[in-house]
Every structure is written in C-alpha cells, then in structure tokens.
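Below is one structure, written out as structure tokens; comments come after it.
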Amino acid sequence: MHRLAAVALALTFAPFARAQSPKDAESNWHHWRGPNADGSAPSARPPIKWDAKTNIAWKVELPGRGSATPIMWGDRIFILTAIKTDRRAKPEEMPKVEAKLAVKTEPPTNFYQFVVLCFDRRNGNKLWEKQVAEMVPHEGHHVTHSYAAGSPTTDGKLLYASFGSFGTYALDFDGNVKWARTDLGRLHTRLGWGEAVTPVVRGEYLLLNYDQEIDSRLICLEAVTGKTRWEAKRDEKTTWSTPLVVDFGGKTQAVTNGTARIRSYDLATGAVLWQCGGMTVNPIPSPVRFGDSVVCMSGYQRAAAVSIPLGSSGDLGDKGKVDWRYSFGTPYVPSPALSGELLYFNSTNEPMVTILNAKTGKALIEKERLSQAKNFYASPLAAGGHIFFVDRAGTTVVVKAGESLDVVSVNKLDDPIDASPVAVGNQLFLRGEKYLYCIEAK
C-alpha cells in the first residue's frame, strides 16, 4: 500500500480536502459517461492532436488490470484496478462454482487484490492507493475483460466503487472506507464472461444493476450508510448496462436497458413506472436522455434502438407508442454519445459510425467507416465541437461534430485502450492497459 510520505505534501493537499464539492457539475466528470450521463463534456475543450511525445502533460503507470473509466472531482482522479497476486488458493479456500450454468471460462486459482487509486489531476502524482478486498474470483472472464470493469462514481462527498461480487464500497476522498457491502451475493454472468457493475448515485440513493443469469436484481442503497432501501427483482439475464437516473414529472426515474424489457423505476420506491419491449441479447449500452425522452440501444446479433417518452405508463410492449425505432448498425459494447440533437455510435464494435437525429430517429449517415481505426470497446466522447472515437489499439480518431464524418486528426498511442475517454477543462484523459494519460496542449 503506497501512501504520501512527506508532511509537506500532506499540507499541500489539506485545503483541497476541505473543498471537495465544486458547484459547477460540468467542471467535473463524476459518472463514467460524464456530467450529463450521455458522453458529452459541455464545457471542456480538450486537445485534438497528440502522440506518444506530443501534448502528453503526464502519464502514470497503472498496476494490475482494468477497463473501468476514470472519474474526476476537483483535482482528484479516481480509478479502479484488479491485481493478480502470486498467492494461490488452497483447496478449502476455493469458492464453489455454480455447476448448472454453462460457462466458457475457467475460474482462477490465485487471489486478486481489488484496489482503488487516486491521482492528482494536475501532475499525475499518486495521492493514495486503497485495497478494499483480496479474494479468489468464483468465475473467469472473457479474454478482453477484467475484474475491474465497472467504473466508480461520486457525489462530491463520497466515492462509490463496486467490484460486484467482491463488494461495493464508499470511501472518503482521502481513501478511508466509510462503509462496505460484501453481502449482496455473487454475480453469475453469461458464459462466465465477467462482471461490470457501475454504481449510479443521485441524492440519498445509490443504484447497482445486478442483472445476471440467475437472481437478477436492481438494488438501491442509502448512499451515506450503504443500507438497503429496496430491491426490485428482474426477469433479465446478464446485461452489463448502467441505469440512467433522470427527473421528470415530479419523480426521479431509474431507466434500465434489458433484453426482456426496458424499464423505468421510481427511484424512491422501486415501483415500475413504465416498460417497453426489450433489446437484443445481453445489452450493454447505457440509456441516454434527449429532451423528455430516453434512447436505448443494443447491437449483439441484431440491431435495435428506440426513443421512449419519459411520460409513458404501463407496458408499451414491442409495438406501443414511442417516438421512433431504428434497427441498423447499433452498438454492442460502446454507448452512444450525444452532441446537440445528434447521436453518434459504432456499429457493433466496428469502425463504422452512424449519426442519428435524436429527435426524429432519422439517420444522417449510416455505417460510414472511420479511417485508420479497428474495433471499439470505449464509448465516444463529445467535447469542444468534436467527437472522439478511441479504438482498442489506442488510436483516437477525432471528427468535427456535425452531420458528416469530417476527420480532423488521427492520434496514436502504443497502449491498448478499452476504457472510455474523459474530458475536463482543457485536458483529455485516456486509461490505457499500461498507463493513465493526461493530454493537454502546450
């Protein structure tokens, strides 16, 4: 466990510890999809050109493995990772495996450390590192996945991090664990491909989506104490999708993507407010709000997108009244990004981009190829009048925001990237397999 050793450094950061809540939400990146949960950074103006030697303000080596998108509050960057240890489990220490489920992965026999890291946004210095758990996972994960795929979130008061089966934790900004929930049960994911639980905080509520192969639930905790407020049983299988929390019509809705149904829950009670026909198998993209509607997408094996009025009621089924439906070239892993009235998204995980009018559902371009890009897990970012597409090889294609794919730069780093890009102020942050990068024009 690494700590700040010098008293001088501790005194340097003491004033920040007393001022953790900037009022302007747009100056932070508290949620994995940004201040508006739609992939946009309205006040950011990040660089559009860089390489391994140009406009890299700093980079810091990351321990372990993870694809969780970093989040930021003030001058602090929070990031999750899972570190494989050399400690092998004894037979009696090995977790029991759910034998009746079909899996395509093997559970490990080594202990893993589940770790939260905090860096100084200004210079990349590590402020603290906190190991919250050390366990042997009960299932493996897809070769492209990790045990730290769900992103943390914050309300400016506490940091909330979920490692799914390995616990959900609230920490203060100095790395002290304020509460822990390790009793919420295991997740059993589709074919043993691995977990990704990204918490969502709104006021006094903290949401966790536990969609899995058995016992799917939407869990609502008290943000301050971690106590359970309510649980909603779900007839869903594995989704890997993060709920969207929005205010509409005097209520706060929690909208969840799903294969069986897209559903909106009353955040205060867990009651279903409305539901609509579902998406493809194991949907991953997070819902996006546009105006008084919410857009959901998925793209595994087929394509599906729908815009649903937040004022809906009852079960709309597959043919109920919605704003529009679209069924061509939708994303599998990445979530869409919203810029003005335009939605930008990949076709499955490919370098094929569609631009859709979020109001009408009309496509302005369909499955147009991005030059020099390969495939994508990261979700696009809309910032500074540009859209940033980061592929799995570490190549970022920047296009001008608008109704066409006007490429303005292609930027390459020799580091694979699955986490989504983050923009705050004049800085762009990329979490690679090896390093965390801060990109800033000099």
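All of these numbers come straight from a predicted model, not from anything done at the bench.
- When side chains are defined from C-beta on, Ile83 does not count as touching Tyr112, because their heavy atoms never get closer than 4.5 Å.
- With no hydrogens or angles considered, no side-chain donor-acceptor pair links Ser67 and Asp418 at under 3.5 Å.
- Counting only N and O atoms by type, the side chains of Tyr332 and Asn346 include no donor and acceptor under 3.5 Å apart.
- By the 30° and 60° cut-offs, the orientation of the rings of His188 relative to His138 is perpendicular.
- No more than 12 heavy-atom neighbours from other residues, nucleotides or ligands sit within 6.0 angstrom of CD on Glu106.
- Residues Phe248 and Arg289 have side chains in contact (heavy-atom distance under 4.5 Å, counting atoms from C-beta outward).
- For the pair Glu222 and Lys227, the salt-bridge criterion is not met [side-chain N within less than 4.0 Å of a carboxylate O].
- One N or O on the side chain of Arg325 and one on the backbone of Asp318 form a donor-acceptor pair closer than 3.5 Å.
- Here Arg186 does not pair with Glu139 in a salt bridge; the nearest charged N to carboxylate O distance is not below 4.0 Å.
- Side-chain contact annotation: Arg229 with Thr269, donor-acceptor N/O pair under 3.5 Å absent.
- Heavy atoms of other residues, nucleotides or ligands lying less than 6.0 angstrom from CG of Asp247 number more than 12.
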Problem set entry | Steps toward side chain to side chain donor-acceptor pair (under 3.5 Å) verdict (Arg181, Thr228) | CA-CA 10 Å; Arg181 289 296 302 269; Thr228 300; 3.0 Å; yes
For this session: Using the side-chain contact (heavy atoms from CB on, under 4.5 Å) rule, take Trp324 and Val306 through it: C-alpha gap first, then chi angles, then the decisive distance, then the call.
Result: CA-CA 6 Å; Trp324 51 260; Val306 60; 5.9 Å; no
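- Here CD1 of Ile77 is found 4.0 Å from CE of Met72. Values are rounded to the nearest 0.5 Å.
- Side-chain contact of Asp406 with Ser404: a donor-acceptor pair under 3.5 Å is absent, judged by distance alone.
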Exercise. Would Glu366 and Tyr326 satisfy side-chain contact (heavy atoms from CB on, under 4.5 Å), going step by step from the backbone distance to the final call?
Worked result: CA-CA 11 Å; Glu366 289 186 317; Tyr326 183 78; 2.6 Å; yes
Please list every donor-acceptor pair under 3.5 Å in which a side-chain atom of residues 49-60 meets a protein atom from a residue at least two apart or in another chain.
unit_1	atom_1	unit_2	atom_2	d
Asp51	OD1	Lys53	N	2.8
Asp51	OD1	Thr54	N	2.8
Asp51	OD1	Thr54	OG1	3.0
Asn55	OD1	Lys442	N	3.3
Asn55	ND2	Lys49	O	2.8
Trp58	NE1	Arg121	O	3.1

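- Listed by chain and residue number, Val390, Leu430 satisfy the side-chain contact (heavy atoms from CB on, under 4.5 Å) test with Ile417 (two or more places apart in sequence, or in another chain).
- Other residues, nucleotides and ligands contribute over 12 non-hydrogen atoms within 6.0 Å of the NZ atom of Lys233.
- Shown here are the side-chain contact (heavy atoms from CB on, under 4.5 Å) partners of Pro416, two or more places apart in sequence or in another chain: Glu433.
- For the pair Thr105 (side chain) and Gly192 (backbone), a donor-acceptor distance under 3.5 Å is present.
- Heavy atoms only, all atoms of each residue included: Asn36 and Pro42 are closest at ND2-CG, 3.4 Å.
- Geometrically, Lys367 engages Phe328 in a cation-pi contact, judged by NZ or CZ lying under 6.0 Å from the ring centre and within 45° of the ring axis.
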Would you list the atom pairs, donor with acceptor, under 3.5 Å between side chains in residues 374-388 and any protein atom, with sequence neighbours excluded?
unit_1	atom_1	unit_2	atom_2	d
Tyr377	OH	Thr144	OG1	2.8
Ser379	OG	Ser335	N	2.8
His386	ND1	Gly384	O	2.9

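- For the residue pair Ser264 / Gln253, a side-chain donor-acceptor distance below 3.5 Å is found, with atom types taken as modelled.
- Rounding to the nearest 0.5 Å gives a distance of 13.5 Å between OG1 of Thr198 and CH2 of Trp240.
- A donor-acceptor pair shorter than 3.5 Å can be found between the side chains of Asn282 and Arg190.
- Between Asp415 and Lys434 there is no salt bridge, since no side-chain N of the basic residue sits under 4.0 Å from a carboxylate O of the acidic one.
- In this model, a donor atom of one side chain and an acceptor atom of the other lie less than 3.5 Å apart for Thr238 and Glu213.
- Side-chain atoms of Val115 and Glu129, non-hydrogen and from C-beta on, do get closer than 4.5 Å to each other.
- Contact annotation: the side chain of Pro331 approaches that of Pro285 to within less than 4.5 Å [non-hydrogen atoms, C-beta and beyond].
- At distances below 3.5 Å, at least one donor-acceptor pair connects side-chain atoms of Thr330 with backbone N or O atoms of Ala304.
- In this structure, the side chains of Val424 and Asn28 stay at 4.5 Å or more apart for every pair of heavy atoms.
- Residues forming a side-chain contact (heavy atoms from CB on, under 4.5 Å) with Ala37 (at least two apart in sequence, or on another chain): His31, Leu244.
- Counting heavy atoms from C-beta on, the side chains of Val407 and Val398 never come closer than 4.5 Å.
- Side-chain polar atoms of Ser165 and Glu195 form a donor-acceptor pair below 3.5 angstrom.
- Side chains of Tyr265 and Arg234: a donor on one and an acceptor on the other come within 3.5 Å.
- Nearest heavy atoms, Ser162 versus Leu80: O-CD1, 4.3 Å.
- Side chain to side chain, Tyr210 and Asp215 fail the donor-acceptor criterion of an N or O pair below 3.5 Å.
- In this structure the side chain of Ser307 never reaches within 4.5 angstrom of the side chain of Val322, judged on heavy atoms.
- Although no hydrogens or angles enter the test, the distance criterion places no donor-acceptor pair under 3.5 Å between the side chain of Thr395 and the main chain of Asp391.
- Proximity of the aromatic rings of Phe78 and Phe173 is defined here by a centroid distance below 6.0 angstrom, and this criterion is met.
- For the pair Tyr169/Phe114, no side-chain contact is recorded, criterion being any heavy-atom separation below 4.5 Å from C-beta on.
- For residues 261-275, the set of pairs meeting the salt bridge (charged side-chain N to carboxylate O under 4.0 Å, His left out) definition, not counting sequence neighbours, comprises Asp235-Arg263, Glu236-Arg263, Lys251-Asp266, Arg261-Asp315.
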